[in-house]
Each structure stands twice: as C-alpha cells, then as structure tokens.
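In what follows, chains are A, B, ... by sequence order, proteins preceding strands, each numbered from 1.
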Protein chains: 2
Amino acid sequence: MSPKVSDEYKNQKKTMLLQAAKSVFLAKGYTKTTMQDVMDEAGISRGALYAYFDNVEHLYMELLQFEDQVNVLFFSPNDDETSWQQITNWVHKQQKEMEQIEQTLTQANSEYFLSIRDSKKQEGETYSTTRYDRIVNALTVLFQSGTKKGELQPRLPAEMISRYLVSFIDGLMLDTAHLGAEKTRVAEQMEALLFSLREMLRPVSGK
Amino acid sequence: MSPKVSDEYKNQKKTMLLQAAKSVFLAKGYTKTTMQDVMDEAGISRGALYAYFDNVEHLYMELLQFEDQVNVLFFSPNDDETSWQQITNWVHKQQKEMEQIEQTLTQANSEYFLSIRDSKKQEGETYSTTRYDRIVNALTVLFQSGTKKGELQPRLPAEMISRYLVSFIDGLMLDTAHLGAEKTRVAEQMEALLFSLREMLRPVSGK
DNA sequence: TTGAAAAACGACAACGATGTCGTTTATAAT
DNA sequence: ATTATAAACGACATCGTTGTCGTTTTTCAA
C-alpha cells in the first residue's frame with residue numbers, strides 16, 4: 001500500500017501535456033482548441049487529461065505561466081551594457097518574435113486575454129493585470145536606473161514611456177498576428193519606435 | 001402573383017437585425033455570440049434570421065461594413081483646420097472611443113479579426129487587409145498634404161509614421177479592452193503619443 | 001508474489017449550437 | 001374576396017464538445 005508514482009513523474013507528465021497543448025495552440029489558436037485536440041496530440045485518454053487540467057482555460061493559464069517563467073530573466077541588472085543598449089536589445093527581441101510570429105503564442109495570447117472579459121470583471125486582480133503591471137514596471141525600473149546613472153535624460157515620466165512602449169508593441173503584434181510581418185512592415189515600424197524612444201529618453205551619445 | 005415585400009422593407013429588416021446583433025456583440029463579444037442569441041435579442045425566428053445571414057461570421061462581416069460606412073467621412077479634405085489640428089482631432093476621437101470602450105465594437109473587432117486566421121491564408125486579400133490599408137492610406141495622405149502646405153516638416157516617411165500611429169492605437173485599444181481605461185492610463189498615453197507625433201511631424205508653430 | 005492505491009482508459013449522458021425543411025402566416029396584385 | 005408568392009415560423013436531426021464515472025491497467029511497497 002502506497003502512493004503510486006513520484007511527484008516528479010507527475011511534473012514531467014504535466015510538462016509533456018503542456019508541450020502537446022502548446023503545439024495545438026500554435027496551430028489552431030486559443031479559441032478553436034478543444035480538450036479533444038490536446039488528447040489527440042498528446043496521445044492520452046480523456047480521463048487522464050482531465051486529471052491534470054479541468055478545462056481549456058485552466059490549461060492555457062498554466063501554459064502561459066510556464067512560458068512566462070522562462071522569460072522573466074531578461075531584465076536582470078546588467079552593468080556590461082548601457083541602459084540604452086538594454087532597451088534596444090529588448091526592442092529587437094520583440095521584433096524577432098514578430099518576424100516568426102507563427103511559432104509564437106502571440107495570437108493565442110491575444111485570443112485568451114480577450115476571452116476573459118467576463119470572468120475578469122468579477123475578480124479585479126487577474127493574471128493579465130499582473131502581467132501587464134509586471135512588464136510596465138520592469139521597463140520603468142530600467143528607465144529610472146538609466147536616468148540615475150546619467151545615461152538617459154527623459155523628457156516624459158518613466159512610467160508614461162513604459163506604458164506607451166507596451167501599447168505600441170502590443171498593437172504591432174496584434175496587427176502582425178493577422179496580417180503578417182511583411183504587410184505591417186515590422187522592421188520599418190521598429191525604426192520609427194526607436195526614433196520616438198530616442199526623443200523621449202534622450203540617451204546621452206557615446207553611452 | 002407577385003413578389004411580396006418591397007426591397008426597401010427587406011433592407012429595413014436587415015438593418016434591424018444588424019442593430020440587434022450589435023447589441024449582442026457589445027454584451028458578449030464576438031466569439032461567445034451565437035445565432036440563437038441574435039434571434040432572441042431580435043425577437044425573430046430561426047428561419048427568418050437564416051434567411052438574411054448564413055452564420056455568425058457573415059453576420060459580423062456585414063455589421064462591420066455597415067459600421068465602417070458611417071465612419072468613412074472623417075478624413076474629408078478640410079481647409080478650415082490645419083493638418084496638425086486634424087491629426088489631434090483624430091487622436092482625441094480615438095481617445096473618446098477608448099474611454100467608453102464598453103459601448104464600442106473594439107473588443108468584438110479584435111476577436112473577429114483574430115478568428116479569421118485560417119480563412120485568411122487561403123485568400124490573401126481580405127477585408128481586414130483592406131481595412132488596414134485604408135486607414136494607413138488616409139493618414140498618409142493627410143500627412144503628405146500637410147507637408148505640401150508647409151504645415152508639417154516630417155523627419156520620417158509619411159507612411160512609416162502612419163503605420164506607427166495605427167499600431168500604437170491598436171495596441172492601446174486592445175489593452176484597454178481587457179484592462180479598462182483607468183488601468184492603461186489612456187489619457188497619459190495619448191499625451192505621450194502627441195509628444196512623439198510632434199517630434200516626427202514637426203508641425204510649424206502657430207499653424 | 002501479492003495486493004492496495006493511484007493512474008489511465010474510454011463509454012456515455014448531457015448540452016448547446018447549427019442548419020434544414022415542411023408548415024403556417026402575411027402580403028399585395030388581380 | 002381570391003390567390004399566388006414570399007416571409008416567418010419552429011420542430012427536428014445532427015454534430016462536436018464537455019465532464020463524469022465505473023472499469024482496467026500499472027506501479028511500488030510489503
């Protein structure tokens with residue numbers, strides 16, 4: 001008499017299921033994906049899948065958090081690069097993501113967040129809120145530390161610039177998700193973004 | 001022996017159905033809306049509704065075009081205002097829309113366009129493409145005519161600025177649609193936008 | 001090797017939505 | 001009034017998805 005599999009086994013299995021789910025979400029987006037799809041993709045039974053996840057929404061939620069976990073690391077304090085370099089790096093990373101948007105959860109993410117509207121009004125503090133705040137905050141901190149170090153001389157409040165930046169990226173991602181990277185001219189738009197950021201942040205030259 | 005109702009009657013009825021559909025879409029968004037919902041809202045039978053619209057997607061498509069019809073008028077050539085005034089007017093109009101985003105089809109629009117992904121890849125020229133091009137073009141023309149009149153001295157290509165502007169607006173609308181206008185600080189972000197536009201377009205002062 | 005407990009299975013009932021189609025009702029020309 | 005025709009109705013068969021639950025299989029400790 002005993003519990004039957006290690007907790008590690010269960011974690012591995014869960015991760016496998018999340019991988020299967022991810023490839024379905026990449027192919028079909030969030031809204032059109034069903035539990036059935038995930039079962040088929042994972043080659044697992046109905047009962048087994050439901051033992052791990054209650055429904056598609058929970059499934060996506062867990063996948064999202066799992067993926068976010070990986071991406072947190074980007075904004076670690078970094079003294080090798082100037083603040084402006086860190087900013088342009090981040091911007092280019094976003095650009096890369098858009099240029100291969102088919103291999104990205106961007107579209108599914110948008111669908112997911114849009115679908116939460118009803119559930120959200122009840123609660124108030126949702127993961128999507130937290131997520132938005134987190135990224136805005138990370139950028140704000142970056143701008144502020146750059147300012148303290150004398151590398152930036154912002155002409156607008158740091159937080160305002162952060163939000164502005166996030167809005168632009170979200171919009172370009174959305175448009176690119178359904179029109180494609182060529183149609184939206186991702187590369188050009190990124191130039192325009194950097195132009196704007198330079199005007200807002202005034203990075204001191206040479207730094 | 002004869003046809004039974006005037007073609008005008010049918011148009012009126014269609015418009016009524018579109019109104020009913022609109023109020024459902026406002027309440028439930030695109031994805032969650034069913035033909036049944038529209039029947040209930042319109043107080044009409046199944047057969048009648050299907051006589052006018054094949055399915056939800058067609059229904060939304062027609063609604064979208066109907067609504068767009070109304071909004072085309074904004075960019076008429078206008079000599080009473082400077083180009084910069086026209087631009088700020090447009091920006092403020094967008095702001096208004098976001099501040100009452102609950103009464104707006106913004107959310108449903110995003111859902112709708114995101115849901116088209118599969119159908120789109122086949123065709124290539126979809127309404128969403130046309131729509132994007134139309135707005136980009138309208139803004140580009142506005143910037144160019146302002147430049148010719150000597151009211152603007154753009155530091156980037158007009159079309160680049162247009163796309164950039166559209167991306168930002170789309171992003172802020174998306175974020176506002178699921179976080180609310182207070183959370184995203186719409187008003188502040190619009191300030192930041194105007195700051196950027198001023199730097200990009202260099203409107204000559206006094207004009 | 002055995003047996004208890006957990007994990008995996010898959011049949012099934014229930015639901016909600018879809019699109020069709022035979023029937024009924026309303027319209028307007030005769 | 002009559003009648004041909006179209007509009008409106010709503011019952012119905014169908015489909016895909018969901019979540020459950022009794023059964024079978026696997027796992028590991030004793």
Side-chain angles (χ1 to χ4, degrees), chain A residues 1-25 27-63 108 111-112 115-119, chain B residues 1-25 27-63 108 111-112 115-119:
Chain A
M1 56 184 182
S2 63
K4 280 314 152 97
V5 304
S6 67
D7 46 347
E8 184 177 1
Y9 170 89
K10 293 219 289 189
N11 275 340
Q12 283 186 344
K13 185 124 201 176
K14 199 164 189 176
T15 305
M16 282 173 49
L17 292 177
L18 287 178
Q19 290 309 324
K22 181 175 178 178
S23 78
V24 177
F25 285 126
K28 306 190 56 173
Y30 173 73
T31 311
K32 289 180 182 163
T33 295
T34 68
M35 292 295 263
Q36 190 65 56
D37 293 327
V38 178
M39 288 165 219
D40 294 347
E41 176 72 24
I44 205 183
S45 77
R46 191 156 208 85
L49 180 58
Y50 272 92
Y52 287 89
F53 305 101
D54 289 344
N55 52 51
V56 182
E57 188 182 325
H58 287 154
L59 183 43
Y60 196 83
M61 180 75 170
E62 292 230 30
L63 176 58
E111 289 183 67
Y112 172 72
S115 78
I116 312 295
R117 60 143 58 182
D118 301 303
S119 6
Chain B
M1 57 184 180
S2 64
K4 282 310 152 101
V5 303
S6 67
D7 46 349
E8 184 178 359
Y9 169 90
K10 293 220 290 189
N11 275 339
Q12 283 186 344
K13 184 123 199 176
K14 200 164 188 174
T15 305
M16 280 174 48
L17 292 177
L18 287 178
Q19 290 309 324
K22 181 175 177 179
S23 79
V24 177
F25 285 126
K28 306 191 55 172
Y30 173 72
T31 312
K32 290 180 183 165
T33 294
T34 69
M35 293 294 264
Q36 190 65 56
D37 293 327
V38 178
M39 288 164 220
D40 295 346
E41 176 72 25
I44 205 183
S45 77
R46 191 157 208 85
L49 180 58
Y50 272 91
Y52 287 89
F53 305 100
D54 289 344
N55 52 51
V56 182
E57 189 183 324
H58 287 154
L59 182 45
Y60 197 83
M61 180 75 170
E62 292 231 31
L63 176 59
E111 289 183 66
Y112 172 73
S115 79
I116 311 296
R117 59 144 58 181
D118 300 303
S119 6

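- The distance from atom CD of Gln36(B) to atom C1' of dT18(C) is 10 Å, rounded to the nearest whole Å.
- Side chain of Asp40(B) to main chain of Asp37(B): no donor-acceptor pair is present (N/O by atom type, distance under 3.5 Å, no hydrogens or angles).
- For Met35(A), the side-chain atoms get nearest to dT18(D) when compared with the rest of dA8(D), dT18(D), dA8(C).
- Nearest-nucleotide assignment on DNA chain D puts the 5′-proximal partner with Thr33(A), out of Gly47(A) and Thr33(A).
- The distance from atom CD of Gln12(A) to atom C1' of dA7(C) is 15 Å, rounded to the nearest whole Å.
- For Tyr50(B) and dA7(D), the OH to C1' distance is 18 Å, given to the nearest whole Å.
- For Lys13(A) and dA8(C), the shortest distance from a side-chain N or O to OP1 or OP2 is below 4.0 Å.
- Atom-to-atom, NE2 of His58(A) to P of dT18(D) comes out at 14 Å; the value is rounded to the nearest Å.
- For the pair Lys10(A) NZ and dA5(C) P, the computed distance is 16 Å after rounding to whole Å.
- Residue Ser45(A) has no polar side-chain atom (N or O) positioned under 4.0 Å from OP1 or OP2 of dA8(C).
- One finds a salt bridge joining Lys14(B) and Glu62(B) here, because a Lys/Arg side-chain nitrogen approaches an Asp/Glu carboxylate oxygen to under 4.0 Å.
- For Tyr52(B) and dA7(D), the shortest distance from a side-chain N or O to OP1 or OP2 is not below 4.0 Å.
- The aromatic rings of Phe25(B) and Tyr30(B) lie parallel to each other, with less than 30° between the two planes, well short of the 60° mark.
- One interatomic measurement links the two molecules: CG of Asp37(A) to P of dG16(D), which rounds to 12 Å at whole-angstrom precision.
- Ranking dT20(D), dA7(C), dT18(C) by closeness to the Arg46(A) side chain, first place goes to dT20(D).
- OP1 or OP2 of dA8(D) has at least one side-chain nitrogen or oxygen of Tyr9(B) nearer than 4.0 Å.
- One can place CG of Leu59(B) at 12 Å from P of dG19(C), the figure rounded to the nearest angstrom.
- Side chain of Glu41(B) to backbone of Ala20(B): no donor-acceptor contact under 3.5 angstrom is found.
- Going from atom CG of Asn11(B) over to atom CE of Met16(B) covers 13.0 Å, rounded to the nearest 0.5 Å.
- When the P atom of dA8(D) is taken as reference, atom CE of Met39(B) falls 14 Å away, rounded to whole Å.
- Using a 4.0 Å heavy-atom criterion, one finds that Phe53(A) contacts no nucleic acid atom at all.
- Residue Ala48(B) has its side chain nearest to dC9(D) when only dC9(C), dT18(C), dC9(D) are considered.
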